[in-house]
Amino acid sequence: MISDQLYFTSLYIWIFLAIIMFPVLLKVIVPYGRHTSSSWGPKINNRLGWILMEAPVVIVFSWFFFTGSASKSIPVYIFYGLFMLHYANRILIFPFKMKSKPQQMPWLIILLAICFNFLNGFFNGYWFGTLSPNYEMSWLYDPRFLIGLLLFIVGMYINISSDNKLFDLRKGGKSGYYIPYGGLFKYISSPNLFGEIIEWLGWALMSWCLPSFSFALWTMANLIPRAVDHHRWYYHRFTNYPKDRKAIIPKVL
Ligand code: NDP
């Protein structure tokens, strides 16, 4: 148990850090996947890296959720279930769909991601496990819940289907990188990252609380700069890259 004051002070610092990290990440290319680099120290296999860095959030969130003293209603179990659904895909399915020789990932990235996932799991797990006010069943009919749920489902669909389109580019044992076409790739270079942002904005809206908004904010702070890096990379790599395609927000960015 920690005091409410300590929890909220830490959460405000956490939110402030997300705001600080956004411009920092616009300057720094985070070196994994296509941007992998030797300058960030020793590396391990990408696939194992994804599992190691994402698994802690499932454990930490679940621990604080189930050991917390708050009474939990159906809406709260839905928030928990959707969160776990996303991470079941990210840990148990996504890494095994990666095609060809997986890139290497620096240990430093994995350690930073573990720290992030530990804190995100704590802030959300402790909130829903201990501090959260009870959500009545009537919350299931609230427009915030319904619109948030719709955004979550649509975002998850965009995220997974776009990841799958990228995996398909290496069908038939091919390796290397190709220009992706189809779906939202017509408008943006990283619909998978766009989908993930929509997903967590939806989760924040449907659960309507500060810790879930902090996660959505962090997701944007991480993924918008990464999408900008991917977009620039495509332009340098392919002279015939579609000129009207944006990085992550159709027609805008
Ligand atoms: P990428 O889009 O860079 O890569 C996804 C997979 O597709 C990788 O296996 C990659 O291979 C392959 N790939 C990508 N582009 C091409 C191409 N043009 N031709 C052939 N193969 C390609 O994804 P990210 O690493 O940026 O993100 C992966 C997933 O993780 C996304 O769903 C994203 O939303 C999520 N994510 C979430 C974060 C969060 O903060 N919540 C943070 C970062 C990612 P290779 O590995 O060889 O490059």
Side-chain angles (χ1 to χ4, degrees), residues 18 21-22 25 29-37 43-51 53-54 56-58 83 86-91 93-106 109-110 112-117 119-121 124 152 155-185 188-201 203-204 212 214-238 240-242 245 247-248:
M21 283 311 287
F22 179 66
L25 288 172
I29 297 179
V30 181
Y32 65 96
R34 76 193 74 187
H35 310 290
T36 194
S37 147
K43 295 188 279 187
I44 63 161
N45 174 285
N46 223 356
R47 190 170 285 150
L48 179 59
W50 273 104
I51 298 169
M53 67 184 183
E54 301 288 48
V57 74
V58 171
F83 190 97
H86 171 91
Y87 279 99
N89 172 61
R90 185 64 71 231
I91 296 164
I93 300 174
F94 171 83
F96 299 98
K97 282 187 173 170
M98 289 177 152
K99 296 255 171 61
S100 83
K101 187 169 150 265
Q103 298 273 18
Q104 299 285 298
M105 185 182 280
I109 295 294
I110 294 166
L112 290 172
I114 288 174
C115 292
F116 169 79
N117 278 320
L119 287 165
N120 187 40
N124 281 286
F152 184 91
M156 191 165 182
Y157 173 77
I158 295 172
N159 176 254
I160 293 177
S161 60
S162 309
D163 273 341
N164 287 342
K165 275 197 189 333
L166 291 174
F167 295 137
D168 283 351
L169 293 170
R170 290 175 181 163
K171 249 185 184 164
K174 282 192 285 184
S175 59
Y177 292 94
Y178 307 87
I179 300 178
Y181 292 99
L184 286 181
F185 283 106
I188 50 179
S189 295
S190 295
N192 50 346
L193 310 191
F194 171 75
E196 178 135 4
I197 290 174
I198 299 295
E199 225 181 307
W200 294 119
L201 280 173
W203 195 73
S212 62
S214 78
F215 183 26
L217 196 64
W218 266 103
T219 304
M220 287 188 280
N222 272 323
L223 295 189
I224 293 173
R226 186 156 176 84
V228 170
D229 292 338
H230 285 354
H231 190 63
R232 279 202 199 111
W233 179 94
Y234 274 122
Y235 268 101
H236 284 121
R237 176 97 175 198
F238 300 103
N240 58 337
Y241 196 68
R245 204 176 278 189
I248 188 157

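Whatever order the structure lists them in is the order used to number ligands and atoms, beginning at 1. Computation of the quantities below employed the complete heavy-atom set of this structure, encompassing side-chain atoms and omitting hydrogens, waters and symmetry-equivalent molecules.
In this structure, a donor-acceptor pair under 3.5 Å is absent between the side chains of Asn159 and Asn192.
Between Met156 and Trp203, every side-chain heavy-atom pair lies at or beyond the 4.5 Å cut-off. Ile188 is not listed as a side-chain neighbour of Leu193, based on a closest heavy-atom distance of 4.5 Å or more.
No side-chain donor-acceptor contact under 3.5 Å links Asp168 to the backbone of Lys171.
The nearest pair of heavy atoms linking Arg34 to Tyr177 is CA-OH, 3.2 Å. In terms of heavy-atom proximity, Phe96 sits nearest to Ile91 at CE1-O, 3.9 Å. Shown here for Pro106 and Ser37, the closest heavy-atom pair between the two residues is CG-O, 4.2 Å.
Residue contact check: Leu169 has heavy atoms under 4.0 Å from atoms 17 (C), 18 (N), 19 (N), 20 (C) of ligand 1. Those atoms of ligand 1 that come under 4.0 Å of a heavy atom in Gly33, given as number and element, are 46 (O), 48 (O). Interface atoms of ligand 1 facing Gly176, defined by a heavy-atom separation under 4.0 Å, are 20 (C). Counting atoms of ligand 1 from 1 in the listed order, those under 4.0 Å from a heavy atom of Phe167 are 6 (C), 9 (O). Set against the non-hydrogen atoms of Asp163, the atoms of ligand 1 under 4.0 Å away are 31 (C), 32 (O). Listed by atom number, the atoms of ligand 1 under 4.0 Å from Tyr32 heavy atoms are 25 (O), 42 (C), 43 (C), 44 (C). Of all the atoms in ligand 1, the ones that sit under 4.0 Å from a non-hydrogen atom of Asn46 are 46 (O). Near Leu193, meaning under 4.0 Å from any of its heavy atoms, are these atoms of ligand 1: 26 (O), 27 (O), 31 (C), 33 (C), 34 (O).
When non-hydrogen atoms are compared, ligand 1 lies under 4.0 Å from the side chain of Asn222 (C-beta onward) but not from its backbone. At a 4.0 Å heavy-atom cut-off, ligand 1 does not touch Lys99 at all. At a 4.0 Å heavy-atom cut-off, ligand 1 does not touch Trp200 at all.
When the heavy atoms of Met98, Glu196, Met156, Met105 are ranked by distance to atom 34 (O) of ligand 1, first place goes to Glu196. Between Val57, Leu223, Val30, it is Leu223 that holds the heavy atom closest to atom 42 (C) of ligand 1. For atom 1 (P) of ligand 1, the nearest non-hydrogen atom from the set Arg34, Arg47, Arg90, His86 comes from Arg34. With distances taken over non-hydrogen atoms, the option nearest atom 28 (C) of ligand 1 out of Tyr178, Phe215, Phe94 is Phe94. Evaluated by nearest non-hydrogen atom to atom 48 (O) of ligand 1, the leading choice among Tyr177, Phe194, Phe116, Trp50 is Tyr177.
Tested against Trp200, the residues Phe194, Trp218, Phe215 include a single ring-ring contact (aromatic ring centres under 6.0 Å, His included) partner, Phe215.
On a distance-only criterion, Trp233 and ligand 1 share no N/O pair closer than 3.5 Å. Considering backbone and side-chain N/O atoms, Tyr234 comes within less than 3.5 Å of an N/O atom of ligand 1.
Two rings, from His231 and Tyr235, have their centers less than 6.0 Å apart.
By the 6.0 Å contact criterion, CZ on Phe238 is enclosed, its count of non-hydrogen atoms from other residues, nucleotides or ligands being greater than 12.
Ion pairing between a basic and an acidic side chain is recognised when a charged N comes within 4.0 Å of a carboxylate O; Glu196 and Arg226 show no such pairing.
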